[in-house]
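So the structure is just underneath, and the comments pick up after that.
Convention: sequence-line order gives letters A, B, ...; per-chain numbering from 1.
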There are 4 protein chains.
Amino acid sequence: MASGTTLKLKQQRSRERREQILSAATKLFGEKGIDRTSLTDIAAAAKVPLSSIYDYFEDKRALVLEVPEDNFEALYQKTEPLLVKGGNAVEQLRIIFMTNFEYISENPSWGRVFFLEIWPSVIAAEPRVKKAVDKYALRYVQLIKQAIRAGTYRRNLDPYTAMSLMMGGMCHVTAVWLLYGRKYDLVKKGKAVFTTLHNGFLQE
Amino acid sequence: MASGTTLKLKQQRSRERREQILSAATKLFGEKGIDRTSLTDIAAAAKVPLSSIYDYFEDKRALVLEVPEDNFEALYQKTEPLLVKGGNAVEQLRIIFMTNFEYISENPSWGRVFFLEIWPSVIAAEPRVKKAVDKYALRYVQLIKQAIRAGTYRRNLDPYTAMSLMMGGMCHVTAVWLLYGRKYDLVKKGKAVFTTLHNGFLQE
Amino acid sequence: MASGTTLKLKQQRSRERREQILSAATKLFGEKGIDRTSLTDIAAAAKVPLSSIYDYFEDKRALVLEVPEDNFEALYQKTEPLLVKGGNAVEQLRIIFMTNFEYISENPSWGRVFFLEIWPSVIAAEPRVKKAVDKYALRYVQLIKQAIRAGTYRRNLDPYTAMSLMMGGMCHVTAVWLLYGRKYDLVKKGKAVFTTLHNGFLQE
Amino acid sequence: MASGTTLKLKQQRSRERREQILSAATKLFGEKGIDRTSLTDIAAAAKVPLSSIYDYFEDKRALVLEVPEDNFEALYQKTEPLLVKGGNAVEQLRIIFMTNFEYISENPSWGRVFFLEIWPSVIAAEPRVKKAVDKYALRYVQLIKQAIRAGTYRRNLDPYTAMSLMMGGMCHVTAVWLLYGRKYDLVKKGKAVFTTLHNGFLQE
DNA sequence: TATGAATGAGAATTCATTCAT
DNA sequence: CATGAATGAATTCTCATTCAT
C-alpha cells in the first residue's frame, strides 16, 4: 500500500515536472527561437536540474517535437466540446477556426512558437509534426469540401487553396499581432478574417 | 589606365565573391535553417576561406540580414517595369502579387529562407528586416485602399486584414509547395489565391 | 551519511580543481603575460579540459580578476597574526611591508603576475582589482599618518607620497629581482628598502 | 637632380609616416595595452594602410620594441642640454629625475606605455629594451655612487636600492597619476618624491 | 529516478602576416 | 615603395550529452 501510494505520488510529481519543462520550453522557444534556447535555459526556467530533462525526453529534438504535439492536443481538448455534432459544415469550420484564435489569444507563447518557429520552419518536415499539422489542416479541407457539396461554397473553389488561405491568414494575423506587441483583440481580428474569406468562398 | 583596369578587375572579383557568399548563405539557410547553418558551412559552399567572409560582412548577423534585403531589391527590380503607370489599383495589386509568386518560383531557396525562416520569425523583429517587410506590405495596403475608394472593393473591407490575407496566403501556399517538394505550379496556385481573395474583397 | 560524505568528496574535488586552474593561471600569467596566455594553455597546465574552466569561472576575465583577489586574501591571512595589536605605527608598517616581501619570496609567480602584469597596468583600473589595491594602500597611508601624529615621522611628510615610495620601491625591487633571475635574497633587499625610506621619513 | 629631389621628398615622407605609426602605436598601447592593440587599430589611427606598416617595421614585435627606444632617445635629447657638466652629482641626479617627470607630464601616453606596459612587463627581459632601461638606470647608480664618494650621501647606502627607490617611486606616482585621471601636477609630486628620498639618502 | 560534474565537438570572431600588382 | 585583398592559425566561449553516484 505504502509503496503504491509513493509510486502514485512519484508519478504525479513526474507528470508535473514534465509539464513544467514543456511549458518552460514553449515559453522560451517563443521568446528566443528554438535554436537560441539551450537546455540549460529551459532547465533554469523549469526549475529542474539540467540532467533531469533527459529523464523525461530523449534529447532536445524530442522535446522540441513534443511542444507542438502537446499544444495540438490541448487545442483539440478545447475545440471538441464546442462542436455541435450534426451542425452544418460552415458553422463547424467557423468554430474550429475561431477556437484556434482563442487558444492563441490565451496562450500567446504557443502562438509564437507555432507560427514563428514550428510551422514555418523546416521542422514541419519532421514526420511527427507534419502529421499533426496535416491532420489539423485536413479537417479544414474536409469541412470546406462538405460546404461545397452542400452548395454553400462555390463549386469551383479549390478546398486546398481555401484551407491555405485560412491557415495562412491566421498565421499572418497572429504573427503581426505578436510582433507588434499584441495591441489589439486577436479574436476580433480573427472574426474579420473569417468573414472576408467566407464571403470569397460563397456561392454567388 | 592599367591601374584603372586592375581596380575594376579587383572590384569585379570582389563583387563576385560577395555574391558567392550571399548565394551560398541563401541556399544553406533555406535548407537547414539560419541557426543551424554555420559560417564554416557557408564558407565551404561558397568555396571561400572562412575568414574571408569577414572581409565582406561584419558578422553573421549582417550576412543574415543582407539576404532578405538583397532579394527584396531584386524583387522590386523585377516588379517595377511591369507596373503600368496609371493602371487601376486592382490590376497593379495583381501584378505585384503575381510577380512575387514568379520570383519565388524562380528563386525557391530565397522563398525558403524568407517564408520559412525570416518572415515569420523573431528575425522579422529586426529593424532592418521589419522596415523592408513593412514597406512591401504598405504597398498592398495602399492599393487596397485605392480600390476601396474606387468602389471596386467593399467599403467595409479592412485593408490591413486584406493585406494579411494576401501575404499570409502567399506564405502558406509557398510553404506547402516547398515542404511537399514543389510538385505543382506555384504561379498557377498563386492565381487561384488571388482570384479567391479578390472575390471576397469585391463590392457585392 | 553516505550522501553527505559524497557531497564533501565532490566539493573537495571541486575545490582542488579550482585551485589547480587558479594556480596554473597564476604561473602562466607570470611567465608569459596575461594576454599571451590562452585558456587552452591554462587548461593544459592544470590538466583539466578547456571547457571545464567555465565550470569554475564565468569567463577569462573573471579568472584573471580572481588571481590578485585570491592572493591578497592569502597575504592578509599571513599578515594578520603577526600584527601586534597596540604596537606602534612604524612597527606595524614594517611588519606589513616585510610580510609582503616574504609572501612574494614564497610565491614568486604571484609576484610576477601582480607586479609585472596587474599592477601597474590597465587591469589595475578594473574596479575589483582597484578596490583590493586601494584597500591595501590605504592601510599604509593610515599607519604613516599615525606615525606623523605620534611625532615619529616628519610633520611635512605627505603620507600619499610616502606610500607611493613604499609600494613603488617594492614593485621595482621585486621586478628587478624577478627579471634578473632571483639571484639574491629579496627579503633582505626589502629590509634595506624599508630602512632607507624610514630614514627619509623620520623627524630630524 | 630631379630624381635626387624626389628621393629626398620620398625619404621625408617615409620618416613622417614612420613617426605617425610610432606615435599612433604609443598612444594606443597606452590606452588599451600592447596585446589588445591590433596592427589594424594602429594603421587606422596612423591613417596608413595596414600593410604599409610592414614597410617600416619587420613585424609587430619590432614595432613594439621601437616604442621605448624612440622615447628614451627623445628623453635623452631633452635631458642632455640641461646637464651642467661638472655640476655636482646630486644636482645632476635631480635634473635627470625631474626631466623624466617633465617628459612624462608632456607625453602622458608614453608614460602610460612605459610604466604600465613596457617596464613592468616581461618585455623588459627583451635584450634591446632591457639594455636601454639598464643604461638609464646605470646613470642613476653612478651618480648616487659619486654622491656617496663625495660624502653627500650615506656611506652605507646601497646605490642599487637607492636607484630602485627612485625608479619605483617615479613609476608608482606616475601610474597613480594616470589611473586617477591626471588630476594633479605630476612634476610637483616628482619634486616631493625627490626631496623625501634625498633626505633618506643624506649623510646624517 | 535524480543530479552535480564533466567534456568533446563545434561555433563565431580576430589578427598578424603574406602576396600580387 | 605602396596597398587592397586574402588567409591560416588561434582564441574565447557554448552546449548537448554522458556518467558516476
Side-chain angles (χ1 to χ4, degrees), chain A residues 6-7 10-11 13-14 17 35-43 48-64, chain B residues 2-3 5-7 9-11 13-14 17-18 35-43 48-63, chain C residues 2-3 5-7 9-11 13-14 17-18 35-43 48-63, chain D residues 6-7 10-11 13-14 17 35-43 48-64:
Chain A
T6 307
L7 188 63
K10 271 191 180 171
Q11 286 177 342
R13 195 165 154 240
S14 270
R17 282 195 136 194
D35 284 304
R36 290 181 149 85
T37 302
S38 72
L39 291 185
T40 308
D41 293 340
I42 296 173
V48 151
L50 167 59
S51 46
S52 292
I53 293 181
Y54 284 86
D55 293 334
Y56 301 96
F57 304 92
E58 184 150 2
D59 53 15
K60 188 181 180 182
R61 185 191 164 82
L63 170 55
V64 167
Chain B
S3 82
T5 312
T6 305
L7 188 62
L9 276 174
K10 271 188 182 172
Q11 288 177 340
R13 192 158 162 245
S14 268
R17 280 196 133 203
R18 206 171 190 287
D35 282 310
R36 290 182 150 81
T37 303
S38 72
L39 292 183
T40 309
D41 294 338
I42 296 172
V48 150
L50 169 58
S51 55
S52 290
I53 293 180
Y54 286 88
D55 291 338
Y56 299 95
F57 304 92
E58 187 150 359
D59 51 16
K60 189 182 179 181
R61 181 194 158 87
L63 172 54
Chain C
S3 80
T5 311
T6 306
L7 188 62
L9 277 174
K10 272 188 180 172
Q11 286 178 342
R13 194 157 161 244
S14 268
R17 281 195 132 201
R18 205 171 191 285
D35 282 310
R36 289 181 150 83
T37 302
S38 72
L39 293 183
T40 310
D41 295 337
I42 295 173
V48 149
L50 168 59
S51 54
S52 290
I53 293 181
Y54 287 89
D55 291 338
Y56 298 94
F57 304 93
E58 187 150 1
D59 52 15
K60 188 182 179 180
R61 180 194 159 87
L63 173 55
Chain D
T6 307
L7 188 62
K10 271 190 181 172
Q11 286 176 341
R13 195 167 154 240
S14 270
R17 282 195 136 194
D35 284 303
R36 291 182 148 84
T37 302
S38 72
L39 291 184
T40 309
D41 293 340
I42 296 173
V48 152
L50 167 60
S51 47
S52 292
I53 293 181
Y54 285 86
D55 293 334
Y56 299 97
F57 304 93
E58 184 150 0
D59 53 14
K60 189 183 179 182
R61 184 190 164 82
L63 170 55
V64 167

Considering every strand and a 4.0 Å limit on heavy-atom distances, what is the contact class for Phe57(A): base, sugar-phosphate, or nothing? nothing
With nearest nucleotide decided by heavy atoms, which residue, Pro49(C) or Glu58(B), maps closer to the 5′ end of DNA chain E? Pro49(C)
For a quick check of understanding: with a heavy-atom distance under 4.0 Å over all strands, which category does Arg17(A) fall into, base, sugar-phosphate or nothing? sugar-phosphate
Between dA16(E) (P) and Leu50(D) (CG): distance, integer Å: 8 Å
Whole angstrom is fine here: how far is it from CG in Asp59(C) over to P in dT13(E)? 17 Å
Would you kindly give the CG-to-P distance between Asp35(A) and dC15(F), to the nearest whole Å? 11 Å
Separation of Ile53(C) atom CD1 from dT14(F) atom C1', in whole Å? 14 Å
Could you please name the option among dA5(E), dT17(E), dT3(E) that lies closest to any side-chain atom of Lys60(D)? dT17(E)
Which atom pair, heavy atoms only, marks the closest approach of Arg17(A) to Tyr56(A)? CD-OH, 3.2 Å
In whole Å, what is the span from the OH atom of Tyr54(B) to the C1' atom of dA9(F)? 15 Å
Using heavy-atom distances to pick each residue's nearest nucleotide on DNA chain F, tell me which of Asp55(B) and Asp55(D) is more 5'. Asp55(D)
Which nucleotide, in any strand shown, forms a Watson-Crick or G-U wobble pair with dC15(F), with both distances under 3.5 Å? dG8(E)
Touch check for Ser51(A), heavy atoms < 4.0 angstrom, all strands: base, sugar-phosphate only, or nothing? base
To check you understand the geometry: which heavy-atom pair defines the closest contact between Ile42(C) and Leu63(C), and what is its length? CD1-CD2, 3.9 Å
May I ask which nucleotide in the shown strands pairs with dA20(E), Watson-Crick or G-U wobble, both distances under 3.5 Å? dT3(F)
Identify the two heavy atoms, one from Pro49(C) and one from Ala43(C), that lie closest to each other, and give their separation to 0.1 Å. C-CB, 4.1 Å
Send over the distance from Arg18(C) CZ to dG4(E) C1', rounded to a whole Å. 16 Å
How far apart are the closest heavy atoms of Thr40(D) and Leu50(D), and which atoms are they? N-CD1, 4.0 Å
Of the listed nucleotides (dC1(F), dT3(E), dA12(E)), which one gets closest to any side-chain atom of Thr40(B)? dA12(E)
Comparing Arg61(D) and Ser38(B) on DNA chain E - which has the more 5′ nearest nucleotide: Ser38(B)
What pair of heavy atoms forms the shortest contact from Leu39(C) to Tyr54(C), and how long is it? CD1-OH, 3.2 Å
Rounded to whole Å, please give me the gap between CD1 in Ile42(D) and P in dC15(E). 11 Å
OP1, OP2 of dT7(E) versus side-chain N and O of Ser52(C): anything below 4.0 Å? yes
It should be established whether Tyr56(D) places a side-chain nitrogen or oxygen under 4.0 Å from OP1 or OP2 of nucleotide dC1(F). no
Give the rounded distance in Å between these two atoms: CG of Leu39(D) and P of dT3(F). 16 Å
